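Taking it in order: structure first as structure tokens, then the write-up.
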Amino acid sequence: MTDRELRRYSRIVTDGVEHAPSRAMLRATGFEDADFERPQVGIASTWSMITPCNMHLDQLARHAAAGTDEAGGKAVIFNTITVSDGISMGTPGMRYSLVSREIIADSIEAVTGAQGFDGLVTIGGCDKNMPACVMAMARLNRPSVFVYGGTIRPGAKRRDIVSVFEAVGAISSGKISAAELADIERTAIPGPGACGGMYTANTMAAAIEALGLSLANSSAQEAVSQHKIDDCRRAGAAVVELIRKDIKPRDIMTLEAFENAITIVIALGGSTNAVLHLIAMANEADVPLSLDDFTRIGARVPLLADVRPSGRYLMSELIAIGGIRPLMKRLLERGLLHGDCLTVTGKTLAENLADVEDYPAGQDIIRPFDDPIKRDSHLVILYGNVAPDGAVAKITGKEGLKFEGTARVFHAEELALKAILNDEVKKGDVVVICYEGPKGGPGMREMLSPTGAIIGKGLGADVALITDGRFSGGSHGFVVGHISPEAAVGGPIALIEDGDSITIDAETKRIDLGVDAATMEARRKAWIRPKSSVQRGVLAKYRATVTSAAQGAITIAPPWD
């Protein structure tokens, strides 16, 4: 390709006499004559000082820009927002978390489209900004590479953020002292990086690498490391090569590639949020992914990684034995990955994994296929009279595979948390938290505070929790989220009353309410949607446009409907 052909988009902004004003403004930002002959690459950072997950991304963006410039491109760094799930958890502010996914995707699209970048490097460091980056990459469909900001190092005594949430439950039941809680609080988060277990950030990083949109090992590097710096520089160079080869995200984001991403999420015991985000990402690439694809793939893929939140090990410990690439090679050799899928290296997944060595002998983080933690997926898609359109359960088998209990209904997360901490929730209860869905929140808050409190109270095997909201990747126990239709649109979860019997069965993949049809119909006729306090602003706009969790809580309906 000629230099002009490489500048497919930027030349529209900078070439010709009529665009002298554009060039004049760019010169003020540091452009020189030669830079106008190079393809422009946007370096989209989600840097922010509001969270340790993203506080270092401005430096990583500079390394990615250096890699771009050295490879013959012209990097232009720009920034977008992020919000902190961990800080806003359990508060009304958490309603903005999932909403921020759409804002970030929109803002990256807007800047790239307006400025005429020929390629894109996106850098994400926590839960929502990572899928948002990929959603923007798919929309724009310009040569792009995603870089993960990296995982945090463990705190003292191998603590992490979930240690703190669970300590809240522990202190309320007298299991630890105030001094112990203070020590956990002060030592759990030692510096930059995303939450340290196989929570949503590490889950999505692994999924995006398996999808083919990141370079090798981008998902398995500590935030503060030379490996992560090198990853950024290589990503900057790689995007220039993608521009030369005209390889675009939608060339990579095929149905088979999404199946690879789902496979790695299951094998690693990843977050339920992956279901929501992968469906949303696929929508942007016009790939018709659905809940049932998770069931289909989950029937043949085992859970192999003994990692937190339900397992023993942290991401840093998995990194120390080789990260996820040896696992990917094992899955490939087992016929569970599509090796012919194209990746951002310009090579296939199989080619990228050809020289990868297996894990060291004696490690017990990744289990062998003949001794898995669970022989099929821990992400169980449930249907039934509670969730006619589907729900997502996270059941590793450690909690059992079936739960029958009595409903304790709460119309807000805060009410449920108060009841749990005050010992009002007992063994055999099914905590039902409704009006927390995409429209009901609005914003579909995560329920880490109540699930953390349940675990901290020692009730993880004795109490279930179901919601039309969702869960942090740090949640574990007998939990079911994403119940669709949600309460705010009159879904059956809105009709559950205290004392109703509920059965959750991971083997039959059912979630059912033990109430007869006539009673349910009478409740339906009497139901009135509660008035929301949100009447304007971004939350109101989100509520007006968002689809159900079963469709990924996207704000544009899928074209295949």
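These values consider heavy atoms only, across backbone and side chains, with no hydrogens, waters or symmetry-generated copies. Note that the coordinates shown come from a computational prediction; the quantities given were computed from them, not determined experimentally.
With contacts defined as side-chain heavy-atom distances shorter than 4.5 Å, the pair Leu291/Tyr383 qualifies. Side-chain atoms of Thr151 and Ser316, non-hydrogen and from C-beta on, do get closer than 4.5 Å to each other. The closest side-chain heavy-atom distance from Met130 to Cys133 is not below 4.5 Å. In this structure the side chain of Ile493 never reaches within 4.5 angstrom of the side chain of Glu436, judged on heavy atoms. Within the 4.5 Å cutoff, the side chain of Ser88 has no heavy atoms near those of the Val83 side chain. Contact annotation: the side chain of Thr203 never approaches that of Leu268 to less than 4.5 Å [non-hydrogen atoms, C-beta and beyond]. For the pair Pro450 and Ile433, the minimum side-chain heavy-atom distance is below 4.5 Å. Arg445 is listed as a side-chain neighbour of Glu414, based on a closest heavy-atom distance under 4.5 Å.
Side chain of Ser177 to backbone of Glu180: a donor-acceptor contact under 3.5 angstrom is found. Side-chain atoms of Asp376 never come within 3.5 Å of backbone atoms of Gly298 as a donor-acceptor pair (strictly under, hydrogens ignored). No donor-acceptor pair under 3.5 Å is formed between the side chain of Asn129 and the backbone N or O of Ala132. Under the 3.5 Å distance criterion, the side-chain polar atoms of Asp498 are matched with a main-chain donor or acceptor of Val409. No donor-acceptor pair closer than 3.5 Å links the side chain of Arg470 to the backbone N or O of Leu276.
Using a 4.0 Å cut-off between charged nitrogen and carboxylate oxygen, Asp429 and Lys427 do not count as a salt-bridge pair. Lys439 and Asp468 are not joined by a salt bridge, as no carboxylate oxygen comes within less than 4.0 angstrom of a charged side-chain nitrogen. With salt bridges taken as basic N to acidic carboxylate O contacts below 4.0 Å, one links Arg312 and Asp306. The pair Glu446-Lys128 meets the salt-bridge criterion, with a side-chain N (NZ, NE, NH1 or NH2) lying under 4.0 Å from an Asp/Glu carboxylate O.
When all heavy atoms of Pro388 and Pro485 are compared, the pair lying nearest together is CD-CD, 3.7 Å. Pairing each heavy atom of Leu98 with each of Ala553, the nearest pair is CD2-CB, 3.8 Å. Taking every heavy atom of both residues into account, Thr272 and His482 meet most closely at O-CE1, 3.6 Å.
The only member of Ser271, Cys126, Cys195, Pro131 that meets side chain to side chain contact (heavy atoms under 4.5 Å, CB included) when paired with Thr200 is Ser271.
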Mind listing the side-chain donor-acceptor pairs of residues 453-462 below 3.5 Å, one per line with the distance, residues two or more places apart or on another chain?
from: Lys457; atom 1: NZ; to: Ser172; atom 2: OG; distance (Å): 3.1
from: Lys457; atom 1: NZ; to: Leu421; atom 2: O; distance (Å): 3.2
from: Lys457; atom 1: NZ; to: Asp423; atom 2: OD1; distance (Å): 2.6

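In this structure, Tyr435 and Trp527 have parallel ring planes: the angle between them is below the 30° cut-off, well short of the 60° mark.
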**OP:** Before giving the answer on side chain to side chain donor-acceptor pair (under 3.5 Å), spell out for Ser163 and Asp160 the whole-Å C-alpha distance, their side-chain angles and the decisive distance to 0.1 Å.
**Re:** CA-CA 5 Å; Ser163 305; Asp160 65 2; 3.2 Å; yes
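Ala170 meets the side chain to side chain contact (heavy atoms under 4.5 Å, CB included) test with Lys175, Ile176; sequence neighbours excluded.
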